[in-house]
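Quick note: residue numbers are just sequence positions, from 1.
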Amino acid sequence: MFTALFGSVEQGIIYAIMALGVYLTFRVLDFPDLTVDGSFVTGAGTAAMMIVLGYNPILATIVAMVAGFLAGCMTGLLHTKGKINPLLSGILMMIALYSINLRIMGITSDTGVTRPNIPLLNTDTVFTMFNDFWSKLGIDSVLSSAVTAMGGKSLPSTWGILFFMLIITLIIKLIMDRFLKTEIGLAIRATGDNKRMIRSFSANTDSLIILGLGLSNGMVALSGALIAQYTKFADIGLGIGMIVVGLASVIIGEAIFGTKSIMRTTFAVIAGAVIYRLIYALALRVGWLDTGDMKLITAIIVILALIIPQVLNKQKEKKRKAKRLAARVAAQKARLNVEQGGNGLA
């Protein structure tokens, strides 16, 4: 049980990078970008292809992120320059990326045409490179001993991946927090709030939308590249429903932790991604559920994440109204008592 939940936390932190990209488009830019399902696979396929061909895993991961950035920029160009509906722009790019991703992975095949998946068994990845360094520190034995002393069983083989992904995700979060407070970041936020207003200040909203979509899909592709290296394979179906997973992470995080500031919101998104993976892992442990029910579980989680906050807000609003009503009634009674007291004295 502990190992399963530990693995879910590891994956949740990796998926959190993708969720931050989804947050940038859906919440900051107010752009329903469905490119995510395609760019996630673009990142996974590009990284896997380069690793199999013998390139350094770090370089492969960076190139995968750049490929996702370009895919996002193309969606932005379709919308801003092609004047295509935002939703349709994302759908068109997602469809195009399906064939592009097959071509990218096909570079490693004998025919060089298309390939639906790439295994990464017995290859070096960013995780194996970090684990080689991590194993020399001797931290695994200390942490495992501490967990065993607290009654933990079936311990993970290494804690290195968890710490590595925590560092990477927190660095991306801090960079994103800082970026959204810069002049360009504030302009992107203003574009999402009110395009007409920011245009009145002579800002180029088209360029801001293209940049925002590029950065978003760059993070999504980075997450895909890391997932491919974590699971040791890249597959054309990896990105199916990924946009829903990202939205679920954003909604769950915002519902639990709130959105009072950028720093708090980005933390909420990361926490939401981890919570989503934990809920998903626990749901799969229910006897009558199967891995084939993954999409149904995802849909139910999103539905609950959308409905429960509304129900709680309504209950809070009813309590606030009841308190205000009780306060008004008490004030009226107090005035009547004062008036009656005054009449009696008269």
Side-chain angles (χ1 to χ4, degrees), residues 15-46 64-101 172 176 179-180 184-185 187-195 198 204-225 227 238-254 259 262 265-266 269-270 272-273 276 298-299 302 305-306:
Y15 280 114
I17 300 173
M18 179 270 298
L20 287 171
V22 172
Y23 163 76
L24 183 58
T25 50
F26 273 83
R27 285 288 191 258
V28 178
L29 265 180
D30 193 25
F31 191 105
D33 182 26
L34 298 185
T35 314
V36 170
D37 283 16
S39 59
F40 187 85
V41 183
T42 300
T46 302
M65 185 167 55
V66 173
F69 177 84
L70 294 175
C73 290
M74 282 302 301
T75 302
L77 287 170
L78 288 175
H79 170 60
T80 57
K81 306 305 179 183
K83 306 301 179 185
I84 299 175
N85 177 275
L87 193 62
L88 185 57
S89 298
I91 293 173
L92 290 171
M93 197 61 207
M94 176 183 66
I95 294 171
L97 284 174
Y98 185 87
S99 296
I100 294 171
N101 294 334
I172 292 172
M176 188 173 178
F179 172 74
L180 290 176
I184 297 176
I188 290 175
R189 291 163 63 185
T191 301
D193 288 335
N194 193 325
K195 284 185 183 179
I198 194 66
N204 190 335
T205 55
D206 288 356
S207 298
L208 293 171
I209 291 172
I210 293 170
L211 176 62
L213 288 170
L215 292 173
S216 169
N217 284 279
M219 286 189 282
V220 172
L222 172 60
S223 178
I227 283 292
L238 271 179
I240 297 175
M242 201 53 58
I243 185 63
V244 179
V245 175
L247 284 173
S249 303
V250 173
I251 293 166
I252 291 170
E254 289 180 346
T259 58
I262 291 293
T265 305
T266 51
V269 172
I270 294 171
Y276 169 81
T298 300
V302 175
L306 288 168

Out of curiosity, [X] [atom1] to [Y] [atom2], how far, rounded to the nearest 0.5 Å?
| X | Y | atom1 | atom2 | value |
| --- | --- | --- | --- | --- |
| S89 | F31 | OG | CZ | 5.0 Å |
| Y23 | L247 | OH | CG | 13.5 Å |
| L78 | I91 | CG | CD1 | 12.0 Å |
| L70 | T75 | CG | OG1 | 11.0 Å |
| I262 | R189 | CD1 | CZ | 4.0 Å |
| I210 | F69 | CD1 | CZ | 9.5 Å |

Compare every heavy atom of [Y] with every heavy atom of [X], then report the nearest pair and how far apart it is.
| X | Y | result |
| --- | --- | --- |
| L222 | M65 | CD2-SD, 4.0 Å |
| V36 | D33 | CG2-O, 3.8 Å |
| G21 | S216 | O-OG, 2.5 Å |
| A16 | A273 | CA-CB, 3.6 Å |
| L213 | G72 | CB-O, 3.4 Å |
| A221 | A64 | CB-O, 3.3 Å |

- Given L92 and L88, is the side-chain contact (heavy atoms from CB on, under 4.5 Å) satisfied, shown in steps? CA-CA 6 Å; L92 290 171; L88 185 57; 4.0 Å; yes

Strictly distance-based, threshold 3.5 Å: is any side-chain N or O of [X] a donor or acceptor partner for the main-chain N or O of [Y]?
| X | Y | result |
| --- | --- | --- |
| K195 | G192 | no |
| D37 | M94 | no |
| T46 | G43 | no |

- Query: Can you find a heavy atom in the side chain of V22 that is under 4.5 Å from one in the side chain of V245?
  - Reply: no

- Could you tell me whether the side chain of R27 reaches within less than 4.5 Å of the side chain of T259, counting heavy atoms only? no

- Audit row: M242, V220, side-chain contact (heavy atoms from CB on, under 4.5 Å) steps and yes/no: CA-CA 9 Å; M242 201 53 58; V220 172; 5.6 Å; no

- Pick out which of I100, T35, L97 makes a side chain to side chain contact (heavy atoms under 4.5 Å, CB included) with T42. L97

- Query: Just wondering, are more than 12 heavy atoms of other shown residues or ligands nearer than 6.0 Å to OH in Y98?
  - Reply: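 No, OH of Y98 has 12 or fewer neighbouring heavy atoms, counting only those of other groups under 6.0 Å.
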
- Is the closest side-chain donor-acceptor distance between N217 and S39 under 3.5 Å? yes

- Task: Assess whether side-chain contact (heavy atoms from CB on, under 4.5 Å) is satisfied between I184 and L208, documenting all intermediate values.
- Result: CA-CA 8 Å; I184 297 176; L208 293 171; 4.2 Å; yes

